[in-house]
There are 2 protein chains.
Amino acid sequence: MRKAPLPGHASLADVAARAGVSTATVSRVLNGTAAVAQDALQRVQRACRELNYVPNGAARALSSRRTRTIGAVVPSIENAGFAVAIGALQRWLVTSGYTLIVASSDYDPAVELREVSLLMSRGIDGLLLVGGEHHPDLVPMLEQQELPFIETWTLSDAHACVGFDNVAAARQLTDYLLDLGHVDIGVIAGRMLHNDRAASRVAGVRQALEARGLKLPTEWMIERPYRILEGRLAMKAMLARRLRPTAVICGNDQLAFGALIEAQASGLSVPDDMSITGFNDLDFAAYLDPPLTTVSVPADQIGVIAGEYLLGRADGKPVLRVNEVLTKLIVRASTAPPCSQR
Amino acid sequence: MRKAPLPGHASLADVAARAGVSTATVSRVLNGTAAVAQDALQRVQRACRELNYVPNGAARALSSRRTRTIGAVVPSIENAGFAVAIGALQRWLVTSGYTLIVASSDYDPAVELREVSLLMSRGIDGLLLVGGEHHPDLVPMLEQQELPFIETWTLSDAHACVGFDNVAAARQLTDYLLDLGHVDIGVIAGRMLHNDRAASRVAGVRQALEARGLKLPTEWMIERPYRILEGRLAMKAMLARRLRPTAVICGNDQLAFGALIEAQASGLSVPDDMSITGFNDLDFAAYLDPPLTTVSVPADQIGVIAGEYLLGRADGKPVLRVNEVLTKLIVRASTAPPCSQR
DNA sequence: GTTAAAAATGTAAGCGCTTACATAAAGAGG
DNA sequence: CCTCTTTATGTAAGCGCTTACATTTTTAAC
């Protein structure tokens, strides 16, 4: 049941026939897997052009057992950090002829598991995951199918990873505040359920505090989704407490943004009356009033390194299991010593 | 060369053998394409579970001639609007078992063409594009391969589309400013080269102006990439002019943000000394000081409708070629009548 | 009980590539 | 000029599914 030789949908066999060579030779030209004589090569290229030949990826994947596709499942593609990493990853992959499938898990391990299953049945050669906290069936499934994967935004001692130590980063930020003289420090964290990065950051704050004999009071610890509005609400709640902290560490820049405007709306001066910090150093952080002290995270590097790892694995090349990227404390004007110190 | 019956990598034939049925029956169970007896169905499901069966998407795509994958090529996945649309599209697709491949063109038609070629050769059943301005070879290529595609963020009279009339939206915004009494209106536009949305918005401003016998002076028309910093620079340049406008229309919220802080840094009061508007109504727009007057765009709707269209086409169902979504003028506090009017 | 129609299942031919392996052509060495 | 490599090309067997078609089993109708 050979199809009619329409100009569209030409197969490799059509190209071979037109170029007067075998399908094997055409395949060699297309993939550069073996030397082909000059004239044959040109005849094949010409035939491809004339027939508007578009390779059939499914057939190629089936016979070569490589899909040339990488999957990425992130909590939310709308999150600027993940979007940047995804963008960097894709731009890197395309230089090797790979495509990228993306999916969002909405911070739900069950959804993440389903998405990964779908990607696997669709066919991928590698997978990018965020964080180290997954559905219990996820990693066994990946290992059982021998699918290379890498965890991002975290450092793992079990799996391949590219990221940073969230605990240490938060500790550094807290130490900076402590060194400034702050003692009463509050936290507006992201939701910690199914988000080990958020949880680690809070743990880092606690560690730094405890190292100086301080504690994080329950009433100064508020947990909210990563949104500007939620930051406002959280700050409003915090300011309603009997005592208020002199510095508030926020889980990310959005929460900090919201916290900042709410503090100002309540008549507080930042940083004079209260210091506020963010995390991620998104584009707007430098332009808030006052400019936000935060921690920059090289999301693009994370994406690229994940790509290098995954393609390396796909090609059987040696790769590093653990890839640490550097975060940096960006001190701007939203932090200062507490009133009492001046 | 039958592979060893490892627990991983079981094929449909392995499942069939274990369940004591033919491969056709297994396929029917998996796809629900035909009725299967109760007991056979259960035996098959059990066998799948026991063998950890994962379907081979390449084989499925090859024989069924459907990849169950949609492609999306946007200018930049880092752009919040596109990220939202992509997220909404993916969440919609997954409910039908479809996956999404994404790629960024960086506002370059040549790159867009390459990305689309790559996606086509990898195999997709439909394609989302942004805007109506492409490389001349792009649409012919899609039509020749009979690949369903839809243009987004724009309305087209030639192709399928989901979006809005950028000219009309900008006109509405400008009319609002004109009604407020502004006569001296400047524009900080996004780069118009290879971005018909940006160009259309400027055209809309011009139309509204001309309808009242006004013009957009060259020195009040600045074109910059969509970034906060660029907005600052643009405003700085505009304020350096001999005469300054009483209102500045910015191509998007980022430019408006930058313009706003630069105006304030120069000692201007917004909106008293100058009105400023944005476009898109991103999350931060409502929280700027003053809150930004802008135009909201339902990016999530665009993504979902694009998904409906593409899946509809893939299933041969009737679909609407033109899908208009509604933008809305969001009046906040960054706009007011000009000084002279008060 | 017989027969026709409906329902369930099986058979096997591809889908369009890649890639061992076989074969032929072209150089190299003596 | 003939054999031995080396290089270029062809042959054909899958890759793991779907699906038209054939066959068998069940159910319904009379």
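Computed from a prediction, not measured in an experiment: that's the story for all the values here. Lettering follows sequence order; numbering is per chain, from 1.
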Colleague: Using whole Å, report how far CZ of B:Arg43 lies from C1' of C:dA8.
Modeller: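 Those two atoms, CZ and C1', are 12 Å apart.
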Colleague: Could you pull out all residues at least two apart from A:His194 that satisfy ring-ring contact (aromatic ring centres under 6.0 Å, His included)?
Modeller: none
Colleague: Tabulate protein N/O versus nucleotide N/O from nucleotides 23-26 of chain D, keeping only pairs under 3.5 Å, one per line.
Modeller:
none

Colleague: What integer distance in Å separates A:Leu30:CG from C:dT19:P?
Modeller: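 In whole Å, C:dT19 P and A:Leu30 CG are 13 Å from each other.
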Colleague: Return no unless some side-chain N or O of A:Arg65 is found under 4.0 Å from OP1 or OP2 of D:dC15.
Modeller: no
Colleague: According to the salt bridge (charged side-chain N to carboxylate O under 4.0 Å, His left out) rule, which pairs have a member within residues 129-144 of chain B, sequence neighbours left out?
Modeller: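 Salt bridge (charged side-chain N to carboxylate O under 4.0 Å, His left out) check on residues 129-144 of chain B returns no pairs.
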Colleague: Mind calculating the distance between CG (A:Leu41) and C1' (D:dT9) to the nearest angstrom?
Modeller: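 The distance from CG of A:Leu41 to C1' of D:dT9 comes to 13 Å, rounded to the nearest Å.
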Colleague: Among all residues two or more places apart in sequence or in another chain, which pass the ring-ring contact (aromatic ring centres under 6.0 Å, His included) test with B:His135?
Modeller: none
Colleague: Apply the side-chain contact (heavy atoms from CB on, under 4.5 Å) test between B:Leu129 and each candidate in B:Thr152, B:Val139, B:Leu142; give the one that qualifies.
Modeller: B:Leu142
Colleague: Just the rounded figure in Å: distance from C1' of D:dC17 to CZ of A:Arg60.
Modeller: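 For the pair A:Arg60 CZ and D:dC17 C1', the rounded distance is 19 Å.
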Colleague: Name all pairs fulfilling the salt bridge (charged side-chain N to carboxylate O under 4.0 Å, His left out) condition that reach into residues 85-114 of chain B, sequence neighbours left out, sorted by first residue then second.
Modeller: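 For residues 85-114 of chain B, and leaving out neighbouring residues, the salt bridge (charged side-chain N to carboxylate O under 4.0 Å, His left out) pairs sorted by first residue read A:Glu78-B:Arg91, A:Arg91-B:Asp106, A:Asp106-B:Arg91.
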Colleague: Would you say A:Ser104 and A:Ser76 are linked by a side-chain donor-acceptor pair, where the criterion is simply a distance under 3.5 Å?
Modeller: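 Looking only at side-chain atoms, A:Ser104 and A:Ser76 do not form any donor-acceptor pair under 3.5 Å.
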Colleague: Checking all strands, does B:Ala40 fall into the base, sugar-phosphate, or nothing category for heavy-atom contacts under 4.0 angstrom?
Modeller: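 Touches sugar-phosphate only.
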Colleague: Please pick, from C:dT18, D:dT18, D:dC17, the nucleotide with the shortest atom-to-atom distance to any side-chain atom of B:Ser64.
Modeller: D:dT18
Colleague: For residues 88-122 of chain B, pull every pair meeting ring-ring contact (aromatic ring centres under 6.0 Å, His included), keeping only residues two or more places apart or in separate chains.
Modeller: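 Sorted result for residues 88-122 of chain B: empty, none.
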Colleague: Round to a whole Å and report the spacing from CG of B:Leu12 to P of C:dT9.
Modeller: 15 Å
Colleague: With axes from five pairs an end, tell me the bend angle of the helix from C:dG1-D:dC30 to C:dG30-D:dC1, nearest 10°.
Modeller: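 Here the helix ends are tilted 30° relative to one another.
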Colleague: If you assign B:Asn56 and A:Ala37 each to the DNA chain D nucleotide with the nearest heavy atom, which residue ends up on the more 5' nucleotide?
Modeller: A:Ala37
Colleague: Whole Å only: how far is the CG atom of A:Asn31 from the P atom of C:dA20?
Modeller: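 Rounding to the nearest Å, CG of A:Asn31 and P of C:dA20 are 13 Å apart.
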Colleague: How would you list, by chain and number, every residue that makes a ring-ring contact (aromatic ring centres under 6.0 Å, His included) with B:Phe149, sequence neighbours excluded?
Modeller: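 Listed in chain order: B:His159.
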Colleague: Mind jotting down which residue pairs meet the salt bridge (charged side-chain N to carboxylate O under 4.0 Å, His left out) criterion with at least one end in residues 15-32 of chain A? Sequence neighbours excluded, please.
Modeller: A:Arg18-A:Glu50
Colleague: Using whole Å, report how far CD of A:Gln38 lies from P of D:dT7.
Modeller: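 Roughly 16 Å, once rounded to whole Å.
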Colleague: Of the options C:dT18, D:dC17, C:dA8, whose atoms approach the side-chain atoms of B:Tyr53 most closely?
Modeller: D:dC17
Colleague: Quick test of your reading: applying salt bridge (charged side-chain N to carboxylate O under 4.0 Å, His left out), list the pairs with at least one residue in residues 152-164 of chain B, sequence neighbours left out, ordered by first then second residue.
Modeller: none
Colleague: Testing the basics here: between A:Leu62 and B:Ala58, what is the closest heavy-atom pair and its distance to 0.1 Å?
Modeller: N-CB, 3.7 Å
Colleague: Could you tell me how far apart A:Leu62 (CG) and C:dG14 (P) are, to the nearest whole angstrom?
Modeller: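 Distance check: A:Leu62 CG to C:dG14 P gives 17 Å.
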Colleague: Name all pairs fulfilling the ring-ring contact (aromatic ring centres under 6.0 Å, His included) condition that reach into residues 64-85 of chain A, sequence neighbours left out, sorted by first residue then second.
Modeller: A:Phe82-A:Trp153
Colleague: Between the base of D:dC15 and the side chain of A:Ser63, is there a donor and acceptor pair under 3.5 angstrom?
Modeller: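 No, the side chain and the base share no sub-3.5 Å donor-acceptor pair.
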Colleague: Expected output is a numbered-order residue list: members of residues 18-28 of chain B with a heavy atom under 4.0 Å from any atom of DNA chain D. What is it?
Modeller: B:Ala24, B:Ser27, B:Arg28
